[in-house]
There are 2 protein chains.
Amino acid sequence: MKTESDAFREFLVKKGMRVTPEREEILAEVFAEHEHFDVEELILRLRQKGKRASRASVYRTLALLVESGLVQEVFYEDGHMHYEHIYGHEHHCHLRCLKCRKIVEFRNGAVEEAEKRIGGEHNFEVTGHRLEILGFCPDCREKKK
Amino acid sequence: MKTESDAFREFLVKKGMRVTPEREEILAEVFAEHEHFDVEELILRLRQKGKRASRASVYRTLALLVESGLVQEVFYEDGHMHYEHIYGHEHHCHLRCLKCRKIVEFRNGAVEEAEKRIGGEHNFEVTGHRLEILGFCPDCREKKK
DNA sequence: GTGTCTGCAAACAGTTTGCACTTCT
DNA sequence: AGAAGTGCAAACTGTTTGCAGACAC
């Protein structure tokens, strides 16, 4: 079975780029936890494990991971982008509370289907999608009254 | 019939805020064209019409428009946010080409339905959603070969 | 060996903010 | 009159970039 590490190596080699310890460590950390993350959190986690990858390398590597399809930009909030790894994981969408910012993940077959149909209608080659449903969570709903 | 201008006034009054010429001009310009826009474009359009609203006021007013639900943040790209007005318009989603960045709008009943169902399942009060389908448009698909 | 990558720090761009002045109510 | 809004420019923050030294191939 092909791991994300294999997939990334393959991607790099195909582009004539090098496999470096920094790139591998960043990749490993991105896949170490199954949560949304932002650049700051990622750097913090790397530091805590004694990895020295610089901020610049993290940004540069993240761009490669997105380009390779291993990672997706999920949403932009609080002035910066949030990411999640997607390789080897079933796709899911997000339900977001506009007040407390809680995020609930959910899966939805209807969207996958719509994705294919709509792609076909416009002759697009579809690679993925991003769906967010916005509203107020049970707690915040209650508090609004 | 209630116009977006009425709706915005109502929102402002309810918050104890003032109705100013700057806010009205910015609102009018936001609804003057039915296209996605970013802050720079909006300011340019205002300038071309001789309106003097400052950059700061545009940012401040845009935040109010988003809060009031008249405008939605659509996606973050090229280092800044893109918006669209939604009041009085049927909701639509976006099909985006990852290469040439072309955007096709489409409507989709299945998503509206899923939105309600999923909101219900998690006891969320749903106010809207945002769906982007990503891929390659017919032209870019061709060129990749 | 050579061309790519890294880390650093400086540069950048979009956005926010403090403040003096203006304006709405 | 008094509170709220505006414009300006400076500050801020996330991200990108130029460059010299390090390193994968």
Side-chain angles (χ1 to χ4, degrees), chain A residues 5-6 8-30 36-47 49-68 71-83 101, chain B residues 5 8-30 36-47 49-68 71-83:
Chain A
S5 176
D6 297 332
F8 191 38
R9 287 181 127 91
E10 227 169 73
F11 169 83
L12 290 173
V13 170
K14 196 173 296 173
K15 288 199 75 173
M17 300 181 84
R18 292 175 183 173
V19 176
T20 67
E22 287 82 359
R23 287 177 178 159
E24 296 202 297
E25 285 169 4
I26 292 166
L27 170 76
E29 195 51 50
V30 163
H36 304 131
F37 63 91
D38 57 38
V39 172
E40 224 45 48
E41 285 164 19
L42 184 58
I43 289 175
L44 203 64
R45 278 161 48 191
L46 284 163
R47 291 284 139 77
K49 297 191 180 170
K51 306 295 164 64
R52 55 283 151 73
S54 70
R55 182 175 305 277
S57 287
V58 170
Y59 275 104
R60 286 188 276 230
T61 302
L62 218 30
L64 291 171
L65 290 172
V66 169
E67 190 187 336
S68 71
V71 167
Q72 193 179 31
E73 296 184 336
V74 197
F75 51 83
Y76 183 85
E77 193 168 88
D78 297 324
H80 56 267
M81 189 54 77
H82 297 250
Y83 302 84
R101 315 198 148 181
Chain B
S5 176
F8 192 37
R9 288 181 126 92
E10 228 170 71
F11 169 83
L12 289 173
V13 170
K14 196 174 293 173
K15 288 199 75 171
M17 299 180 84
R18 293 176 182 171
V19 176
T20 66
E22 287 82 358
R23 286 179 179 157
E24 295 202 298
E25 285 169 4
I26 291 166
L27 171 77
E29 195 51 48
V30 163
H36 304 131
F37 63 90
D38 58 37
V39 172
E40 224 45 48
E41 285 163 19
L42 184 57
I43 290 176
L44 204 64
R45 276 161 48 189
L46 284 162
R47 291 284 140 76
K49 297 191 180 169
K51 306 296 164 65
R52 57 283 153 72
S54 70
R55 181 175 306 275
S57 287
V58 170
Y59 275 104
R60 288 188 275 230
T61 301
L62 217 31
L64 292 172
L65 290 172
V66 169
E67 191 187 335
S68 71
V71 168
Q72 192 178 33
E73 296 183 334
V74 196
F75 51 82
Y76 182 86
E77 193 169 89
D78 295 324
H80 56 267
M81 189 55 76
H82 297 248
Y83 302 84

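For the numbers below, each heavy atom of this structure counts, side chains included, while hydrogens, waters and symmetry mates do not. The sequence lines fix the lettering, A, B, ..., with proteins before strands; numbering per chain opens at 1.
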Side chain to side chain contact (heavy atoms under 4.5 Å, CB included) assessment of B/His80 paired with B/His82: CA-CA 7 Å; B/His80 56 267; B/His82 297 248; 3.5 Å; yes
Steps toward side chain to side chain contact (heavy atoms under 4.5 Å, CB included) verdict (A/Arg45, A/Lys51): CA-CA 9 Å; A/Arg45 278 161 48 191; A/Lys51 306 295 164 64; over 6 Å; no
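Inter-residue side-chain proximity for B/Asp38 and B/Glu41 is flagged as met; some heavy-atom pair is nearer than 4.5 Å. A heavy-atom distance below 4.5 Å is not found between the side chains of A/Leu12 and A/Arg9.
Rounding to whole angstrom units, CG of residue B/Leu46 and P of D/dT6 are separated by 13 Å. Spacing between atom CG of A/Leu62 and atom P of C/dT6 amounts to 13 Å, rounded to whole angstrom units. For the pair A/Arg52 CZ and C/dC5 P, the computed distance is 16 Å after rounding to whole Å. Rounded to whole angstrom, the span from the NE2 atom of B/His82 across to the P atom of C/dA13 amounts to 15 Å. Distance, A/Phe8 CZ to C/dC5 P: 10 Å, rounded to whole Å.
In this structure, B/Gly16 and B/Ser54 both approach DNA chain D, and ranking their closest nucleotides by distance from the 5' end singles out B/Gly16.
Evaluated for a side-chain contact (heavy atoms from CB on, under 4.5 Å) with B/Phe8, the options B/Thr61, B/Val30, B/Val19 yield exactly one hit, B/Thr61.
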Summary of protein contacts for nucleotides 15-25 of chain D, nucleotide by nucleotide, where a base hit scores B, a sugar-phosphate-only hit scores S (4.0 Å, heavy atoms): BBBB----BBS
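Ring orientation note: the planes of B/Phe75 and B/His36 are nearly perpendicular, at an angle over 60° on the 30°/60° scale.
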